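Here's the structure, in structure tokens; my notes come after.
In each ligand, atom 1 is the first atom listed, and ligand 1 is the first ligand listed. The shown structure was predicted, so the numbers you read here are calculated from the model rather than taken from an experiment.
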Amino acid sequence: MRQALFPSNGDIIFSLYLNNTFNFSMKKSNTMIRYFLYGIIFSIFVCCSKTLAPGHVGPVPSENQMRWQEMEYYAFVHFSLNTYTDQSWGYGNEDINLFNPQKLDCSQWARICKEAGMKGIILTAKHHSGFCLWPSRYTEYSVKNAPWKNGEGDIVREMADACKEYGLKLGIYVSPWDRNHPAYGKPEYITYFRNQIKELLTNYGPVFEIWFDGANGGTGYYGGANENRTIDRTIYYDWKNTYKMIRELQPNIVIWNDGGDRGDLRWVGTEAGYVGETNWSLLNGTGEVEWKMLHFGLEDGDSWVPAEVNTSIRPEWFYHPSEDTKVKTVPQLMETYYSSIGRNGTLLLNFPIMPNGLIHEADEKAALGLATMVRTSFAENLAEKKKASASNVRDERQEFGAANVTDNSSDTYWATDDNITTASLIIDLESPMMFNRFLVQEYIRLGQRVKSFKVEAFMDGTWRELSQGTTIGYKRILRFPGVKATKVRFTITDSKGSPLISNIGIYNAPAFLNAPTIMRSQFGEITITTNDVGPYFYYTLDGSEPTPQSKKYTAPVQSEGKVDVKAIAYDPASGKSSPVAMEKFDVYRKDWKIVGAEDDKAYAILDGNTSTAWHHQGKDKKIPVDLEIDLGSELNLSGFRYHPDQGMWGPGIITHYEFYVSADNKDWKLVDQGEFSNIKNNPLWQIKKFTPLKARFIRLRALKNAEGNDRMGYAEIDVITD
Ligand code: FUL
């Protein structure tokens, strides 16, 4: 962990000044006069030069962190053996013979990333299953023993070559947790782990980022031991020495680590694609990091540890065919853009690779759609080269003047005098202009400073507030309803030190409609809603594409049994439609009874709304905890779905389960068991399939939750029928 703390230029000059001026009294009188004159000259020099550059405030980014921050947007690709088993986390015993992508083409991945405006790709060289996408010398569990290219293939090599071809940077994800390796949990594994890192950082050219996942330890195959192995992630990996090796091998790398040491970058505490609106690029170098700190950073943190927002273009990280209709829409991705890059973070967007070795066309379309939307939203900076005037300019020197924020250069900045922590700057748009976005950047090389600010527009002879924000950092984008104005005033209302602003942008981004939300209650009532103001909805119930000629939604629609609902929002004034929202509902749940439910609160788990949840404890407060439901009639069951509490790291998230069914509520049959992988960080629908059979009663037995207690939480429970 580097704490890039160094004295400011001002400090150095001032101490030289003291040495020179106070020593002169010791000299003889003639030399005293000479020195006195020197002193005056030096004082004049100091007075002028003290303003040359402001000093830093707090920690500052290293060159590597700076280079990384300027990349802004880059890709993740998740591909492994579990792509072939429809799993989120491989257990470590998956059959190597399954790995045989027929059309693997890293150039396709790189082309899409390039066209999407990304600057690099981080590849899952080894995920938790331990399977290696490169022919590692240190394990047999790699591509070298897979049928793909008769064991002659190397995906890391192909990825590195494709990155080079498309001018992208290469990043490596290598999971510390290895569910295949026999020595995982023992000291020998660390040597193995380091050897693998060495291979990856030596043989494939420059690597811009290395990613150490936070999931560490638990059940696994472990060379056949099939057991639970826990480690203390803060000490087991001896990160200090591992980092030393990494930095020697790749001096320009940045280290992402959620596994016990802070590294150069931080996780933001969620995989849903957003960081706090207040986002300090600071943390403390040592000590506990609570969720709050990950999400918002720490105003007075002693180290520069900026935020990287990682999320997938689909709900899950690996490819699951059931998610082909769940690819995020352009408006959803745009929201992610504003909530990551627009909030002083970088965006790491994941593509799950299909079993054939390609990115799905729906994912490509969504990523390119986002790129187009970003390009059109920020096509014309109305502030560029416009006249700007500030309430205070550092020593009134032009080189720190307000014009630096509109000069399209990230090397120049507007600076105020050192004692200033509130200041404002007006940009004259010259004629009335329409706009709805405000972008601002601090000159972070000298530290992150601004604590709060507001934006106003001069309209009809008065200043009206458009929006306000807290931190700025590398980049902050504010959104507000479109206005027409001649002048924009940006006011810093509080700052840790004198503010340094390198860039301001004013844009008029095109409006778009979000896909609506479709829900169905326990009693079959379908509702369609949106947060957008005013659009109409059109829908179909048979899976066909909705258009403004389809049925218009005016009130909740009653449905029975299985339905395939699709809906759009439509704005007649602009003629614009939203992307299509899709939901498939299985059997009707109106006769379902939650066994032992004391009141109606329990029925929150059947209300079709994933933001309402119910929690309960087992009999005698003991684990396991059973949830039993009478389905009201016998059904042909082939699976179940569980949605955990959506609250951030919500309580009672079940991680390990057994699922039983019964025809008569007496004889129960175990039909499925296992883990809900990665459910804490990514609390989504968990879909489990089993061999179809008839039953009327179901029991979800919770063996363990994420907190290790006996209180289980459920947002929704559903079954899958044939
Ligand atoms: C998580 C992992 O457990 C997921 O499988 C995925 O790799 C994601 C990026 O990080 O913590």
Side-chain angles (χ1 to χ4, degrees), residues 74-92 94 118 120-133 155 159 171-180 184 200 209-220 229-231 233 237 254-263 265-275 289 291 294-295 307-320 323 328 336 340 345-353 363 644 648-649 653 655-656 674-687 706:
Y74 41 95
F76 233 160
V77 285
H78 272 64
F79 188 38
S80 188
L81 252 182
N82 39 320
T83 303
Y84 298 87
T85 53
D86 210 5
Q87 286 167 302
S88 305
W89 287 354
Y91 188 73
E94 287 71 30
M118 295 163 153
I121 304 181
I122 301 180
L123 170 69
T124 52
K126 180 180 87 164
H127 202 255
H128 311 325
S129 72
F131 179 73
C132 300
L133 296 186
I155 297 178
M159 184 80 268
I172 297 287
Y173 170 119
V174 52
S175 171
W177 184 25
D178 189 319
R179 300 175 100 182
N180 174 266
Y184 183 78
L200 289 164
E209 176 169 342
I210 190 158
W211 223 85
F212 295 122
D213 202 299
N216 274 293
T219 53
R229 293 189 182 170
T230 48
I231 50 106
R233 60 188 201 158
Y237 301 102
V254 282
I255 301 171
W256 188 100
N257 195 341
D258 180 45
D261 191 295
R262 241 135 281 178
L265 316 173
R266 72 172 206 271
W267 185 45
V268 295
T270 170
E271 293 176 355
Y274 62 98
V275 64
V289 185
W291 181 82
L294 291 173
H295 204 59
E308 177 184 82
V309 176
N310 66 313
T311 194
S312 186
I313 199 155
R314 292 166 174 238
E316 273 275 13
W317 295 98
F318 281 94
Y319 178 81
H320 306 285
E323 292 186 348
K328 290 179 185 165
T336 300
S340 54
T346 59
L347 174 55
L348 172 55
L349 183 67
N350 177 64
F351 293 104
I353 304 299
D363 303 35
M648 192 53 72
W649 291 356
I653 294 180
T655 57
H656 292 79
E675 70 182 10
F676 298 125
S677 321
N678 201 30
I679 188 170
K680 185 178 172 197
N681 289 351
N682 208 12
L684 303 170
W685 275 113
Q686 307 294 310
I687 302 167

- Message: Quick check on contacts: which atoms of ligand 1 are under 4.0 angstrom from a heavy atom of H128?
- Response: 2 (C), 3 (O)

- Message: With heavy-atom distances below 4.0 Å as the criterion, list the atoms of ligand 1 near E271.
- Response: 1 (C), 8 (C), 10 (O), 11 (O)

- Message: Only heavy atoms of D213, strictly under 4.0 Å: list the atoms of ligand 1 that pass.
- Response: 1 (C), 2 (C), 3 (O), 6 (C), 7 (O), 8 (C), 10 (O), 11 (O)

- Would you say the side chains of T311 and K328 form a donor-acceptor pair under 3.5 Å? yes

- Could you tell me whether some N/O pair between S88 and ligand 1 is separated by less than 3.5 angstrom? no

- Query: Between E308 and W256, do the side chains contain an N or O donor and an N or O acceptor separated by less than 3.5 Å?
  - Reply: yes

- Note on the structure: Under 4.0 Å from one or more heavy atoms of N681, ligand 1 contributes atoms 11 (O)

- Query: Counting both backbone and side chain atoms, is some N or O of W211 under 3.5 Å from an N or O of ligand 1?
  - Reply: no

- Task: Return yes when F76 approaches ligand 1 closer than 4.0 angstrom through a heavy atom, no otherwise.
- Result: yes

- Item | Enumerated ligand 1 atoms positioned under 4.0 Å from heavy atoms of W89 | 2 (C), 3 (O), 4 (C), 5 (O)

- Message: Please list, in number order, the atoms of ligand 1 under 4.0 Å from a heavy atom of Y173.
- Response: 7 (O)

- Task: From the options N678, T124, T311, select the one whose nearest heavy atom is closest to atom 4 (C) of ligand 1.
- Result: N678

- Message: Within ligand 1, which atoms have a heavy atom of H127 less than 4.0 Å away?
- Response: 4 (C), 5 (O), 6 (C), 7 (O)

- Check whether the side chains of H78 and T124 place a donor and an acceptor atom closer than 3.5 Å, and report yes or no. no

- Do M159 and F79 come close enough that some side-chain heavy atom pair is under 4.5 Å? no

- Taking W177 for its side chain and A215 for its backbone only, find out whether a donor-acceptor pair lies under 3.5 Å. no

- Can you list the atoms of ligand 1 that are under 4.0 Å from a heavy atom of H78? 6 (C), 7 (O), 9 (C)

- How would you list, by chain and number, every residue that makes a side chain to side chain contact (heavy atoms under 4.5 Å, CB included) with Q686, sequence neighbours excluded? Y642, F676, I679

- Task: Would you please say whether a donor-acceptor pair under 3.5 Å links the side chains of N82 and W89?
- Result: no

- Query: Roughly how far, to the nearest 0.5 Å, is the CG atom of L265 from the CD atom of E209?
  - Reply: 5.0 Å

